[in-house]
*Asks:* 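Got a structure for you, questions after.
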Amino acid sequence: MNTKILIIGACGQIGTELTKKLRSIYGLENVIASDIRKLNIDIVNEGIFEVVNALDFNQIEHLVEHYKITDIYLMAALLSATAEKNPAFAWDLNMNSLFHVLNLAKAGKVKKIFWPSSIAVFGPTTPRINTPQFTIMEPTTVYGISKQTGERWCEYYHNIYGVDVRSIRYPGLISWSTEPGGGTTDYAVDIYHKALKEGTYECFLSEDTALPMMYMDDAIRATVEIMQAPAENIKIRSSYNLAGVSFTPKEIAAEIKNHIPEFTITYKPDFRQKIADSWPASIDDSCAQRDWHWQHQFDLASMTVEMLENLK
Ligand code: NAD
């Protein structure tokens, strides 16, 4: 059977890049992009696009039947910082959209699901350095609680109903072509924009806050690779740890200074500092390396070159 893909949340930071990549691999006619609104002209105009609400099971089911979808990538969610401002709605969106696609797979209407988790599943009691795949998970944000719960349900649907669901715990993602969607790691995108435009940046995290991050190209490649891996290689059906590069605001500022010597940074931590403090500083992704041969490519230096070049 041909692969026919539905991406829900295709106009977001990850969805935009993922849609472009999947269209280039599987062909324009085999990738249906969707979002709650027509938010990105390229995504809407370059291929098939449908408006869909991830909370409406009937709408998703209709698209699945109409286009004979085999694989769903569910990218719609409320992210960490935004979710804290509207916990009840974040819970509703993040959980019920997942149930909708899991139930479609359980009913045999789609074959494969990709659902992103996050480093936000970890909490203040988790070992912070080189956080293992299996460890204490006591998230303190509604976003983290929704992702951890989502992971449990993914594993359950796989174990009990045989659903082929695959997931990655993305670290903070850094990209130049789309704006980030309201997460705690957004500063690492903003800083490049402000460095080029204004030569200075006020950071909402303190200078020594180390967080796991990843350049978008690596994250998209990981997403494609885990979905293309043979099912028997995917041993973990909750979600895989994934590591790219870890750095602090001070370190990224120093790297930017190598290219823009006059760049300055100041620090004014806000409510996001508390969220960042509850997350790991670095991640052990040896299970992903072992099971589906994951290897990241971009480090802080090569990512900075790419970001500055492209944003210019
Ligand atoms: P984003 O906020 O940039 O994009 C989400 C998209 O979903 C938006 O285009 C939005 O319009 C759409 N959407 C929202 N509600 C919808 C609804 N009801 N129906 C249909 N579409 C809806 O988010 P992102 O950064 O692209 O993240 C995508 C996924 O990856 C999320 O599950 C997020 O939790 C996860 N993730 C992201 C990061 C990151 O750094 N960006 C890190 C870890 C995990």
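Computed from a predicted model, the values in this text were never measured in an experiment. Whatever order the structure lists ligands and atoms in, that order sets their numbers, starting from 1.
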*Asks:* Given Thr184, Thr178, Leu173, which one has a non-hydrogen atom that is nearest to atom 39 (C) of ligand 1?
*Replies:*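 Considering heavy atoms of Thr184, Thr178, Leu173, the nearest to atom 39 (C) of ligand 1 sits in Leu173.
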
*Asks:* Distance under 4.0 Å to a non-hydrogen atom of Leu93: what atoms of ligand 1 satisfy this?
*Replies:*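 Within the 4.0 Å cut-off of Leu93, ligand 1 contributes 15 (N), 18 (N).
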
*Asks:* Run down the list Gly182, Ala54, Pro180 and name the one with the heavy atom closest to atom 19 (N) of ligand 1.
*Replies:*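 Answer by nearest heavy atom: Ala54.
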
*Asks:* Taking the minimum heavy-atom distance to atom 7 (O) of ligand 1, which of Ser117, Ala76, Ser167 ranks first?
*Replies:*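 The nearest heavy atom belongs to Ala76.
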
*Asks:* Ignoring hydrogens and geometry beyond distance, is a side-chain donor-acceptor pair present between Tyr143 and Thr82 at under 3.5 Å?
*Replies:*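 Not at all, the side chains of Tyr143 and Thr82 share no donor-acceptor pair under 3.5 Å.
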
*Asks:* Closer than 4.0 Å to some heavy atom of Asn53 - which atoms of ligand 1 meet that?
*Replies:*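 Counting from 1, the qualifying ligand atoms are 17 (C), 18 (N), 19 (N).
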
*Asks:* Could you find the nearest protein heavy atom to atom 37 (C) of ligand 1 and give me its residue, atom name and distance?
*Replies:*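 Of every protein heavy atom, Ile14 CD1, 3.5 Å lies nearest to atom 37 (C) of ligand 1.
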
*Asks:* If you group Ile, Leu, Val, Met, Phe, Trp and Tyr by side-chain heavy-atom gaps below 4.5 Å, do Phe122 and Leu211 land in one group?
*Replies:*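 Yes, same cluster.
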
*Asks:* Would you name the heavy atoms of Ala188 and Met213 that are closest together and state the gap between them?
*Replies:*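 Smallest heavy-atom distance, with atoms named: CB-CE, 3.8 Å.
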
*Asks:* With a 4.0 Å cut-off on heavy atoms, is Ser34 in contact with ligand 1?
*Replies:*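 Judged by the 4.0 Å heavy-atom criterion, Ser34 does not count as contacting ligand 1.
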
*Asks:* Measure the acute angle between the ring planes of Tyr187 and Phe204, then classify it against the limits of 30° and 60° as parallel, tilted or perpendicular.
*Replies:*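 Rings of Tyr187 and Phe204: perpendicular, as their planes differ by over 60°.
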
*Asks:* Could Glu151 and Arg169 be called an ion pair, given the rule that one side-chain N must be under 4.0 Å from one carboxylate O?
*Replies:*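 Yes, Glu151 and Arg169 are salt-bridged.
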
*Asks:* Decide whether Ser80 and Thr184 meet the rule of one side-chain donor and one side-chain acceptor closer than 3.5 Å.
*Replies:*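 Ser80 vs Thr184: donor-acceptor pair found between side chains.
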
*Asks:* Okay, side chain of Gln148, backbone of Pro139: is any donor-acceptor separation there less than 3.5 Å?
*Replies:*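 Looks like no, no N/O pair under 3.5 Å.
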
*Asks:* Taking only heavy atoms of Gly9, which atoms of ligand 1 are found under 4.0 Å from at least one of them?
*Replies:*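 Contacts of ligand 1 toward Gly9, numbered from 1: 6 (C), 7 (O), 12 (C).
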
*Asks:* Grouping I, L, V, M, F, W and Y whenever their side-chain heavy atoms are under 4.5 Å apart, do Ile168 and Trp279 come out in a common cluster?
*Replies:*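 Ile168 does not cluster with Trp279.
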
*Asks:* Which ligand 1 atoms, with their elements, are less than 4.0 angstrom from a heavy-atom of Val52?
*Replies:*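 Listed by number with element, the hits are 19 (N), 20 (C).
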
*Asks:* Examine the proximity of ligand 1 to Leu79 and report which part, side chain or backbone, both or neither, has a heavy atom under 4.0 Å away.
*Replies:*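 Leu79 to ligand 1: side-chain contact only, backbone stays beyond 4.0 Å.
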
*Asks:* Describe, in one word, how the ring planes of Tyr240 and Trp292 are oriented to each other, choosing from parallel (under 30°), tilted (30 to 60°) and perpendicular (over 60°).
*Replies:*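 Answer is perpendicular, since the angle exceeds 60°.
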
*Asks:* Can you see whether Tyr157 engages Asn103 through a side-chain donor-acceptor pair at a distance of less than 3.5 angstrom?
*Replies:*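 Yes, Asn103 and Tyr157 have a side-chain donor paired with an acceptor closer than 3.5 Å.
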
*Asks:* Any Lys/Arg nitrogen of Arg221 or Glu225 sitting under 4.0 Å from an Asp/Glu carboxylate oxygen of the other?
*Replies:*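 Looking at Arg221 and Glu225, the cut-off is met.
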
*Asks:* Hey, is Tyr143 touching ligand 1 through its side chain, its backbone, both or neither, going by heavy atoms under 4.0 Å?
*Replies:*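 For Tyr143, the contact with ligand 1 is made by the side chain alone.
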
*Asks:* Nearest protein heavy-atom contact for atom 41 (N) of ligand 1: which residue, which atom, what distance?
*Replies:*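 Protein heavy atom at minimum distance: Gln13 OE1, 2.9 Å.
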
*Asks:* Are any of the side-chain nitrogens in Arg37 or Asp35 under 4.0 Å away from the carboxylate oxygens of its partner?
*Replies:*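 Salt bridge between Arg37 and Asp35, a charged N being under 4.0 Å from a carboxylate O: no.
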
*Asks:* If you measure from each non-hydrogen atom of Leu39 to ligand 1, which part falls under 4.0 Å: side chain, backbone, both or neither?
*Replies:*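 Side chain only.
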
*Asks:* Heavy-atom pairs closer than 4.0 Å: do any link ligand 1 to the side chain of Pro171, the backbone, both, or neither?
*Replies:*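 The part of Pro171 near ligand 1 is the backbone, not the side chain.
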
*Asks:* Under 4.0 Å from ligand 1, counting heavy atoms only, is it the side chain of Lys147, its backbone, both or neither?
*Replies:*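 It is the side chain that gets close, since no backbone atom is under 4.0 Å.
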
*Asks:* Distance under 4.0 Å to a non-hydrogen atom of Ser118: what atoms of ligand 1 satisfy this?
*Replies:*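 Going through ligand 1 atom by atom, the ones under 4.0 Å from Ser118 are 43 (C), 44 (C).
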
*Asks:* For atom 21 (N) of ligand 1, what's the nearest protein heavy-atom neighbour? Residue, atom name and distance, please.
*Replies:*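 That would be Ile36 N, 3.3 Å.
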
*Asks:* Which protein heavy atom lies closest to atom 28 (C) of ligand 1, and at what distance to 0.1 Å?
*Replies:*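 Checking every protein heavy atom, the shortest distance to atom 28 (C) of ligand 1 gives Met75 O, 3.1 Å.
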
*Asks:* Please state which part of Ala10 comes within less than 4.0 Å of ligand 1, counting heavy atoms only: side chain, backbone, both or neither.
*Replies:*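 Contact part for Ala10 vs ligand 1: neither.
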
*Asks:* Between Glu255 and Thr304, does any side-chain donor sit less than 3.5 Å from a side-chain acceptor?
*Replies:*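 Glu255 vs Thr304: no donor-acceptor pair found between side chains.
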
*Asks:* Hey, looking at atom 12 (C) of ligand 1, which of Ile7, Leu98, Asp35, Leu78 has the closest heavy atom?
*Replies:*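 It is Asp35 that holds the nearest heavy atom.
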
*Asks:* Give the residue and atom name of whichever protein heavy atom lies nearest to atom 4 (O) of ligand 1, and the separation in Å to one decimal.
*Replies:*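 Answer, as residue, atom name and distance: Gly12 CA, 3.2 Å.
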
